[in-house]
Protein chains: 2
Amino acid sequence: MFGAIDHIGVAVEDIDEALKLYSEQFEMAIQYRETVPEQGVEAVLLEVGDGHVELLRPLGPDTPVGKFIENRGVGMHHVAYRVVDVAAELARFKSLGLELIDETPRIGIRNSTVAFLHPKSTGGVLVELVTPADH
Amino acid sequence: MFGAIDHIGVAVEDIDEALKLYSEQFEMAIQYRETVPEQGVEAVLLEVGDGHVELLRPLGPDTPVGKFIENRGVGMHHVAYRVVDVAAELARFKSLGLELIDETPRIGIRNSTVAFLHPKSTGGVLVELVTPADH
């Protein structure tokens with residue numbers, strides 16, 4: 001059961017240019033910024049109500065987000081739904097025959113617990129399940 | 001100022017197949033279903049917390065969503081942010097130099113008030129501003 005749309009992930013090439021749009025023009029408060037070398041991204045979280053926008057800048061062309069931009073261009077990258085127990089949801093979706101990217105939960109940005117479902121099983125949408133660290 | 005992520009729009013080719021995923025497997029309650037010939041779509045709203053997922057099936061290949069699927073495939077189509085006054089936000093974004101798809105607000109599904117910003121101005125993301133009818 002999904003509690004909310006936790007965030008949308010947006011692939012960008014230039015974080016500062018994106019922040020001009022999201023922070024200055026859209027007036028979203030910057031909540032967090034982190035570089036995650038093992039995922040090949042610099043990420044910025046911005047507040048929008050109870051949810052947020054996650055800007056993702058690839059650290060290089062051979063990263064997952066770098067390849068996404070090469071194939072599809074900048075823009076919406078994934079949607080993350082907030083859940084209470086990522087492992088339990090993964091087990092349920094696996095039993096339903098959905099294809100998982102992550103077989104077990106892993107640590108995401110800001111110490112959240114996350115896992116991704118494969119867009120092949122979800123109508124072309126890259127779906128993240130997330131339990132924020134502070135929830 | 002955006003109050004929340006109101007919904008994400010997802011382009012689909014087969015509503016019943018998509019409902020199997022979103023309603024049965026993701027366990028989102030179906031909130032509303034409407035065919036909007038002037039926009040060339042059949043739309044279904046599903047609940048996820050305070051927000052929702054909007055499934056969009058094009059009524060034909062020459063519709064905006066039909067062309068989107070031809071160019072990009074099925075998947076995430078737009079993100080909608082909830083605002084109090086769509087017209088005021090449009091005026092503000094126009095004054096900031098953003099490109100608008102809708103110069104004035106129009107009626108969206110379920111009698112909401114909506115307008116779209118052009119993805120050229122928003123980093124490749126099709127952005128909708130929406131005031132739900134019941135807010």
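Every heavy atom of this structure was used, including side-chain atoms; hydrogens, water molecules and symmetry mates were not. Letters go in sequence order (proteins before strands), and every chain restarts at 1.
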Tell me, for A:Ser121 versus chain B, whether the close heavy atoms (under 4.5 Å) come from the side chain, the backbone, both or neither. backbone

Mind ranking A:Gly73, A:Ala18, A:Ala4, A:Pro119 by heavy-atom pairs under 4.5 Å with chain B and telling me who comes out on top? A:Ala4

Quick one: which residues of residues 23-39 of chain B reach chain A at under 4.5 angstrom, heavy atoms only? B:Gln25, B:Phe26, B:Glu27, B:Met28

Is it true that A:Leu100 and A:Val127 fall in one hydrophobic cluster, defined by side-chain heavy atoms closer than 4.5 Å? yes

Following the transitive rule for hydrophobic clusters with a side-chain heavy-atom cut-off under 4.5 Å over Ile, Leu, Val, Met, Phe, Trp and Tyr, establish whether B:Ile15 and B:Val10 coincide in one cluster. yes

Under a 4.5 Å side-chain heavy-atom rule over Ile, Leu, Val, Met, Phe, Trp and Tyr, are B:Val125 and B:Val83 clustered together? yes

Between A:Leu46 and A:Val41, is there a shared hydrophobic cluster once you connect ILVMFWY residues whose side-chain heavy atoms come closer than 4.5 Å? no

May I ask you to list the residues in residues 102-109 of chain B that approach chain A closer than 4.5 angstrom, counting heavy atoms only, ordered by number? none

Report whether A:Leu98 and A:Val114 are members of the same hydrophobic cluster (ILVMFWY, side-chain heavy atoms less than 4.5 Å apart, transitive linking). no

So which residue, A:Leu96, A:Leu126, A:Val12, ends up with the most heavy-atom pairs under 4.5 Å with chain B? A:Leu96

What's the separation between atom CE in A:Met76 and atom CD1 in B:Ile8, rounded to the nearest 0.5 Å? 7.5 Å

Under a 4.5 Å heavy-atom cut-off, does chain B meet the side chain of A:Leu21, its backbone, both or neither? side chain

Which answer fits A:Leu55, side chain, backbone, both or neither, if we ask what part of it has an atom under 4.5 Å from a heavy atom of chain B? neither

Region of B:Leu117 that comes under 4.5 Å of a non-hydrogen atom in chain A: side chain

Please report the interatomic distance CG(B:Asp50) to CG(A:Asp50), rounded to the nearest 0.5 Å. 8.5 Å

Any side-chain heavy atom of B:Val53 within less than 4.5 Å of one from A:Tyr81? yes

Can you tell which of A:Ala11, A:Gly51, A:Gly3 has the highest number of heavy-atom pairs within less than 4.5 Å of chain B? A:Gly3

Please give me the minimum heavy-atom distance between A:Tyr22 and B:Thr122, naming the atom from each residue. OH-O, 4.5 Å

